[in-house]
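Data block below; observations after.
In what follows, every chain begins at residue 1, and chains take the letters A, B, ... in the order their sequences are listed. Values in this document were obtained by computation on a predicted structure and should not be read as measured data.
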There are 2 protein chains.
Amino acid sequence: MLALLGHEAMRRLRDAHTANGLTPRQFHILGLLHDRGPLAQTDLAAETDTAASVLVTQLNPLEADGLVTRTLDPRDRRRHLVVLTETGRQRLRTAAAAQQEVEDELFRSLNDSQRSRLTQLLVLVRDDLTDGNERCGTPTSLDRKTS
Amino acid sequence: MLALLGHEAMRRLRDAHTANGLTPRQFHILGLLHDRGPLAQTDLAAETDTAASVLVTQLNPLEADGLVTRTLDPRDRRRHLVVLTETGRQRLRTAAAAQQEVEDELFRSLNDSQRSRLTQLLVLVRDDLTDGNERCGTPTSLDRKTS
DNA sequence: TATTGTTATACTCTATAACTATA
DNA sequence: TATAGTTATAGAGTATAACAATA
């Protein structure tokens, strides 16, 4: 049921973000750049758990739309620093509002205390999976976030 | 987070079922046939929320492996009744054990009361989404189960 | 030689439409 | 004409390997 509900949640988030010209991954990328400042593509790939080659295909449209710029890191000219533009910041704001709408719709059957209990339980599961996998060396998608 | 955790759950279930030569959908199909007896493909498509064309591609390997048979319904020779064989029943048992292992691993950080509370909250969300969509006419994947 | 980023390729899952056979 | 099932095709998402530039 967790898998099925998660699939439905992803579908709704994808629909909402598509209306803003973004994929869920691109929304994630914009959010990271907003919170952490400019990042190299390697860092973005690690944080979002996407292969480097996939990251490129996500960044290209973002750069073409002027939401993001790529500049060479002067100290290591192999690295491309990805920077959030002002346009990108605005797009992130409207996309975040759309995301919030989807979340409200998804969890409208729960009151505030039920919602926080659900988050609390999911956090327990997630944290156990992430550092559990780091410990026993069975890497999966979830733990690359913290590595 | 629900979407991400659901994705991870689906990945683990898929891996477990792949080891038994099944997809998650095929496991779902076998389970339905076990619980409800022979069903026409239309019914299976509705219950599992898969397009008819997708259902065919899931049933073909099941029939080839002898887990399932397709027979014409004598009362409406357009309908193909899908029947679970004894081999299919056995495969379902081993696959169900594998699914249970994955669930135990996923939720090992929760004790029994936490697990039941999580299920309870997820059921609330799911039921609201399903009959909520039936009411307001915004059909999604989840509500076809109950229609 | 190793690392960053890019390109090309293939594979899976999914959605759609066209087709057949029955009703 | 409408329905049950099938086939073929195209699209999105993802994973892998080969490649260019830089360290």
Side-chain angles (χ1 to χ4, degrees), chain A residues 3-4 6-8 10-15 17-19 21-29 38-64 68-83 139-142 144, chain B residues 3-4 6-8 10-11 13-15 17-18 21-29 38-64 68-83 139-142 144:
Chain A
L4 293 176
H7 197 246
E8 174 69 12
M10 183 62 92
R11 180 199 332 258
R12 289 175 181 226
L13 290 175
R14 187 177 300 281
D15 287 348
H17 286 138
T18 299
L22 296 176
T23 66
R25 275 182 205 274
Q26 289 173 328
F27 176 72
H28 192 184
I29 290 170
L39 291 172
Q41 294 186 200
T42 298
D43 304 327
L44 276 175
E47 294 280 348
T48 60
D49 182 38
T50 61
S53 60
V54 173
L55 187 71
V56 172
T57 68
Q58 301 285 309
L59 287 178
N60 288 341
L62 290 180
E63 190 179 30
V68 133
T69 60
R70 278 191 267 211
T71 67
L72 285 180
D73 183 340
R75 286 180 301 190
D76 181 345
R77 290 174 47 217
R78 291 173 304 183
R79 297 166 73 87
H80 292 196
L81 288 179
V82 184
V83 183
T140 66
S141 63
L142 283 172
R144 284 171 219 161
Chain B
L4 293 177
H7 197 245
E8 175 68 12
M10 183 63 91
R11 179 199 331 258
L13 289 174
R14 185 176 303 281
D15 287 348
H17 286 138
T18 299
L22 296 177
T23 66
R25 276 182 206 275
Q26 289 173 327
F27 175 73
H28 192 184
I29 290 170
L39 292 172
Q41 294 187 199
T42 298
D43 304 326
L44 275 176
E47 294 280 348
T48 60
D49 181 39
T50 61
S53 60
V54 173
L55 187 70
V56 172
T57 67
Q58 301 284 310
L59 287 179
N60 288 341
L62 289 181
E63 191 179 29
V68 134
T69 60
R70 280 190 265 212
T71 66
L72 285 179
D73 182 341
R75 287 179 303 190
D76 182 345
R77 289 175 46 216
R78 292 173 302 182
R79 298 167 72 87
H80 293 195
L81 288 179
V82 184
V83 184
T140 67
S141 61
L142 284 172
R144 284 171 219 159

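Between His80(B) and dA21(C) there is no side-chain N or O to OP1 or OP2 distance below 4.0 Å. Taking only side-chain nitrogens and oxygens, Arg11(B) never comes nearer than 4.0 Å to OP1 or OP2 of dG13(D). An OP1 or OP2 oxygen of dT6(D) is reached within less than 4.0 angstrom by a side-chain nitrogen or oxygen of Gln41(B). A sub-4.0 Å separation between OP1 or OP2 of dT14(D) and a side-chain N or O of Arg25(A) is present.
In terms of heavy atoms, Leu55(B) sits closest to Ala45(B) at CD2-N, 3.8 Å.
Ser53(B) contributes a side-chain N or O that forms a donor-acceptor pair with the base of dT16(C) under 3.5 Å. One N or O donor and one acceptor, one from the side chain of Arg78(A) and one from the base of dT3(C), sit under 3.5 Å apart.
With DNA chain D read from its 5' end, the first of the two nearest nucleotides for Val54(A) and Leu55(B) is the one closest to Leu55(B). The nearest heavy atom of DNA chain D to Pro74(A) and to Thr23(A) marks one nucleotide each, and the one closer to the 5' end goes with Thr23(A).
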- Can Asp43(B) and Arg79(B) be said to form a side chain to side chain contact (heavy atoms under 4.5 Å, CB included), step by step? CA-CA 10 Å; Asp43(B) 304 326; Arg79(B) 298 167 72 87; 3.5 Å; yes

- Query: Going through the distances and angles, do Ile29(A) and Leu39(A) end up as a side chain to side chain contact (heavy atoms under 4.5 Å, CB included)?
  - Reply: CA-CA 10 Å; Ile29(A) 290 170; Leu39(A) 291 172; over 6 Å; no

- Message: Is there a side chain to side chain contact (heavy atoms under 4.5 Å, CB included) between Arg25(B) and Thr50(B)? Walk through the geometry before answering.
- Response: CA-CA 9 Å; Arg25(B) 276 182 206 275; Thr50(B) 61; 2.3 Å; yes

- Before giving the answer on side chain to side chain contact (heavy atoms under 4.5 Å, CB included), spell out for Glu8(B) and Leu4(B) the whole-Å C-alpha distance, their side-chain angles and the decisive distance to 0.1 Å. CA-CA 6 Å; Glu8(B) 175 68 12; Leu4(B) 293 177; over 6 Å; no

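Spacing between atom CG of Asp73(B) and atom P of dT22(C) amounts to 13 Å, rounded to whole angstrom units. Atom pair Glu8(B):CD and dT14(D):C1' shows a separation of 15 Å (rounding to whole Å applied). Atom P of nucleotide dG5(D) and atom CG of Leu62(B) are separated by 15 Å, given to the nearest angstrom. With rounding to whole Å, Leu39(B) atom CG is found 16 Å from dG5(D) atom C1'. Atom-to-atom, CG of Leu72(A) to P of dG5(C) comes out at 10 Å; the value is rounded to the nearest Å. Between the CZ atom of Arg14(B) and the C1' atom of dT14(D) there is a distance of 12 Å, rounded to whole Å. When the C1' atom of dA4(D) is taken as reference, atom CZ of Arg75(B) falls 16 Å away, rounded to whole Å. Following rounding to the nearest Å, Leu44(B) (CG) and dT3(D) (P) show an atom-to-atom distance of 19 Å.
The side chain of Arg77(A) lies closest to dA23(D), out of dG5(D), dA23(D), dT16(C). Proximity note for Val56(B) (side chain, C-beta onward) versus dT4(C), dA23(C), dG5(D): the nearest is dG5(D).
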